Amino acid sequence: MKAYWWKVLAILLLAYTLIAGLLLDVPRLAILNETIRALHFHVTMWFGMIIMLVIAVYYSIKYLRKGDLKDDDMAIEFTSAGILFGVLGIATGMLWAKFTWGDYWSGDPKQNGSAIALLMYFAYLILRNSLTDVHQRARIGAVYNIFAFAAYIPLIFVLPRLTDSLHPGNGGNPGFNAYDLDSKLRMVFYPAIIGWTLLGAWIATVRVRYRRLERKLEDKLINQV
Amino acid sequence: MWNQVAVLIKKEMTLEWRQKYALNGILLYVVSAVFITYLSVQGALSIPTWNALYWIIILFSAVNAVAKSFVQEHQGRQLYYYMIASPEAIIVSKIIYNTLLTLLLALLGYLVFSVILGNPVEDQLLFITNLALGAVGFSACLTMVSGIASKAGNNATLMAILSFPIIIPILLMAINISKNAIDGLDRGVSYDKLITLMAINAIVTAVAYILFPYIWRS
């Protein structure tokens, strides 16, 4: 129970998110209507993605300082979990945008920003796969991961300044705070962020363990002869 | 450190001068790219399109020009530099050298663009300043990425996919300021954008400076 309490918590929070997010009363608003529930299933994907990527950068820095392959395992798997959230975020966002803004893609700065982030991290995966030596792969991968992340931060600030966003809360659209005076949405929204983040961490750690087992097995095979 | 940087830049220039085909090749690349654009658009070009095409051509030429930074010289000589110079001096000298190279490409591109596609720019000084700042950003970003790509066999695809997403903030700011310069807007409108561009350049250069020793060592 000591080690896996947070996994139980993740299941409970996500069950709560699903049930409460879909059934609880939400504010009635023009255009948004029931799609305001996307807050719990779409917006939370971005929070999950950013948190995963920050953790990955942290482990990349740690790898460069210490040179321990275990940190690299964490970096790559947390990045993968971040990419998973990113893809889900774009897919859910596009569906939602089709019904509220009328188009799957409308050049919104947040849409573009997230697409660029995905381009960056797909390139990161390709870079890693093109290197064969594990240590070199880990080192070059870590360097690119940190470099890309550092370049991505200004982008988040630059893009919205160039064009207004269509998202609620931007470009003159009232934010959710304005809609949500009785904090009904927040009651589900915050637990949902924690739940999805924990799920991401869970996926990442399972894959890290798989990766380490694989390496152990390979080492055994090599050292046999 | 600055002594080393000066010597290394001089070395880059001498090398480039000795193998003139590389330099001439990239200069011809710019001219051909502009000419192809000219033939493809066939006639009138709106100002935003002029601006966008110009920057796209500069971007592609810069990617090609900088891509060879770390593969021009063979392994043995790299090892020699590794022993005599600090990695910081190497990255700084490469960034400065590539800035000059990118600026040269951008100016040549501008000249050819003006001659065959017309020159709509009203505020020359702002346009050139912006070119210089863009060149610094492009060079810092691309030099670092070419260092990374050189470790992975340096294929052109990798260089492009690694650098494009990273270079987007610099490119967008530069295109934006360049549009203001073309329209001849009051300079006050562009000041904060120029400062943002400089800040992005500073971030990218600083991160490259910190991270480069790690790729140089491997």
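Because the structure is a prediction, the values reported are computed rather than measured. All chains are named by letter (A, B, ...) in the order of the sequence lines, taking the proteins before the strands, and each is independently numbered beginning at 1. No hydrogens, no waters, no symmetry mates; every other heavy atom, side chains included, goes into these values.
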Check Leu101(B) against Ala65(B) and note the closest heavy-atom contact, atom names and distance.
CD2-CB, 3.9 Å
Bottom line for Ile203(B): the part with an atom under 4.5 Å from chain A's heavy atoms is side chain
Would you check, one step at a time, whether the test side-chain hydrogen bond (donor to acceptor under 3.5 Å, both in side chains) holds for Thr49(B) with Ser46(B)?
CA-CA 5 Å; Thr49(B) 321; Ser46(B) 72; 2.6 Å; yes
Scored by heavy-atom pairs under 4.5 Å with chain A, the best of Val207(B), Ile166(B), Ile168(B) is Ile166(B)
Any side-chain heavy-atom pair from Glu12(B) and Glu16(B) closer than 4.5 angstrom?
no
Chain B heavy atoms under 4.5 Å from Leu155(A): which part of the residue, side chain, backbone, both or neither?
both
Side chain, backbone, both or neither of Tyr152(A) within contact of chain B (heavy atoms, under 4.5 Å)
neither
Enumerate by number any residue of residues 117-130 of chain A whose heavy atoms lie under 4.5 Å from heavy atoms of chain B; in the absence of such residues, state 'none'.
Leu119(A), Met120(A), Ala123(A), Ile126(A), Leu127(A), Ser130(A)
What closest approach, in Å, do Gly118(B) and Trp50(B) show between heavy atoms, and which atom pair accounts for it?
O-NE1, 3.0 Å
Does any backbone or side-chain atom of Ala208(B) lie under 4.5 Å from a heavy atom of chain A? Answer side chain, backbone, both or neither.
both
Parallel, tilted or perpendicular: ring planes of Tyr54(B) versus Phe127(B), cut at 30 and 60 degrees
tilted
Kindly list each side-chain donor-acceptor pair under 3.5 angstrom involving residues 79-93 of chain A, sequence neighbours excluded, with atom names and distances?
residue	atom	partner	partner atom	Å
Thr79(A)	OG1	Ala75(A)	O	2.6
Ser80(A)	OG	Ile76(A)	O	3.0
Thr92(A)	OG1	His42(A)	ND1	3.1
Thr92(A)	OG1	Leu88(A)	O	2.8
Thr92(A)	OG1	Gly89(A)	O	3.0

Relative to chain A, which of Val145(B), Leu162(B), Ile210(B) shows the most heavy atom pairs under 4.5 Å?
Leu162(B)
Is it true that Ser40(B) and Thr37(B) share a donor-acceptor pair across their side chains at a distance under 3.5 Å?
no
More than 12 non-hydrogen atoms from neighbouring residues, nucleotides or ligands closer than 6.0 Å to CZ on Arg65(A), yes or no?
no
Heavy-atom count check: over 12 atoms from other residues, nucleotides or ligands less than 6.0 Å from Phe41(A) CZ?
yes
